[in-house]
Amino acid sequence: MNQSNQGQQTSEGRHEDDAALADFLASLMDYTPTIPDELVEHYLGKSGFQCPDVRLIRLVAVATQKFIADVATDALQHCKARQSAVVKDKRDKQQKDKRLILTMDDLSKSLREYGVNVKHQEYFADSPSAGLDPASREE
């Protein structure tokens, strides 16, 4: 008897999951994601994926939007941590400007947490060796 109850519960749980998935996919038809369908289709096409179902295209757009939002939020946390460390080092000076400045280093640290390694060129302004003669750089 116990096994039949488990089978029935599993079947009911699967039915609820299927219904929730169907509702979610149907809601994607009414949703306009931040990332346009055409852009998602372009990059999916470049990777060799073709799908005429708009719901799937929008699902990829929503997942991409979520990924970008998570990376941006993490980069903001890195930026806040970095700038609070600078403020602690310079307590003698009054900091009137409380704007946050997101650097490529903040973004790189955030992306590294998601398995994306980004190396930027030395000509970026936040590079300590930017503008130095190549012979005088200490690396």
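Applying the ring pair (Phe, Tyr, Trp, His ring centres under 6.0 Å) test to residues at least two apart or on different chains, none of the pairs has a partner in residues 40-64.
Grouping the Ile, Leu, Val, Met, Phe, Trp and Tyr side chains by contacts below 4.5 angstrom, directly or via other members, places Val60 with Ile68. Grouping the Ile, Leu, Val, Met, Phe, Trp and Tyr side chains by contacts below 4.5 angstrom, directly or via other members, places Leu56 with Leu28.
Summarising the geometry of Cys79 relative to Leu100, their closest heavy-atom pair is SG-CB, 4.0 Å, with the distance given to 0.1 Å. Of all heavy-atom pairs spanning Ile57 and Val40, the tightest one is O-CG1, 3.6 Å.
Proximity of a side-chain donor or acceptor of Ser110 to a complementary backbone N or O of Asp106 within less than 3.5 Å is not detected. A distance-only check finds no donor-acceptor pair linking the side chain of Arg58 to the backbone of Pro33 [under 3.5 Å]. At distances below 3.5 Å, not a single donor-acceptor pair connects side-chain atoms of Arg55 with backbone N or O atoms of Phe24.
Here CD of Gln83 is found 9.0 Å from CG of Leu102. Values are rounded to the nearest 0.5 Å. To the nearest 0.5 Å, atom CZ of residue Arg82 and atom OG1 of residue Thr103 are 4.0 Å apart. Thr64 OG1 to Leu59 CG: the interatomic distance, rounded to the nearest 0.5 Å, is 9.0 Å. Between Thr34 atom OG1 and Leu39 atom CG the span is 11.5 Å, to the nearest 0.5 Å.
Residues satisfying the ring pair (Phe, Tyr, Trp, His ring centres under 6.0 Å) test with Phe67, not counting sequence neighbours, are Tyr114. By the side-chain hydrogen bond (donor to acceptor under 3.5 Å, both in side chains) test, Thr32 is found to be paired with no residue, residues two or more places apart in sequence or in another chain being considered.
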| task | Apply side-chain contact (heavy atoms from CB on, under 4.5 Å) to Val118 and Met104, showing your working. | result | CA-CA 9 Å; Val118 176; Met104 188 66 186; 3.3 Å; yes

| request: Start with the C-alpha gap between Asn117 and Arg112, add the side-chain angles, then the distance that decides, and say whether side-chain contact (heavy atoms from CB on, under 4.5 Å) holds. | output: CA-CA 5 Å; Asn117 294 320; Arg112 198 172 304 127; 3.6 Å; yes

| task | Could you give me the CA-CA distance, side-chain angles and deciding distance for Glu113 and His78, then say whether side-chain contact (heavy atoms from CB on, under 4.5 Å) is met? | result | CA-CA 11 Å; Glu113 293 174 8; His78 286 290; 2.9 Å; yes

| Derivation of the side-chain contact (heavy atoms from CB on, under 4.5 Å) call for Leu107 and Val71 | CA-CA 8 Å; Leu107 186 59; Val71 168; 3.7 Å; yes

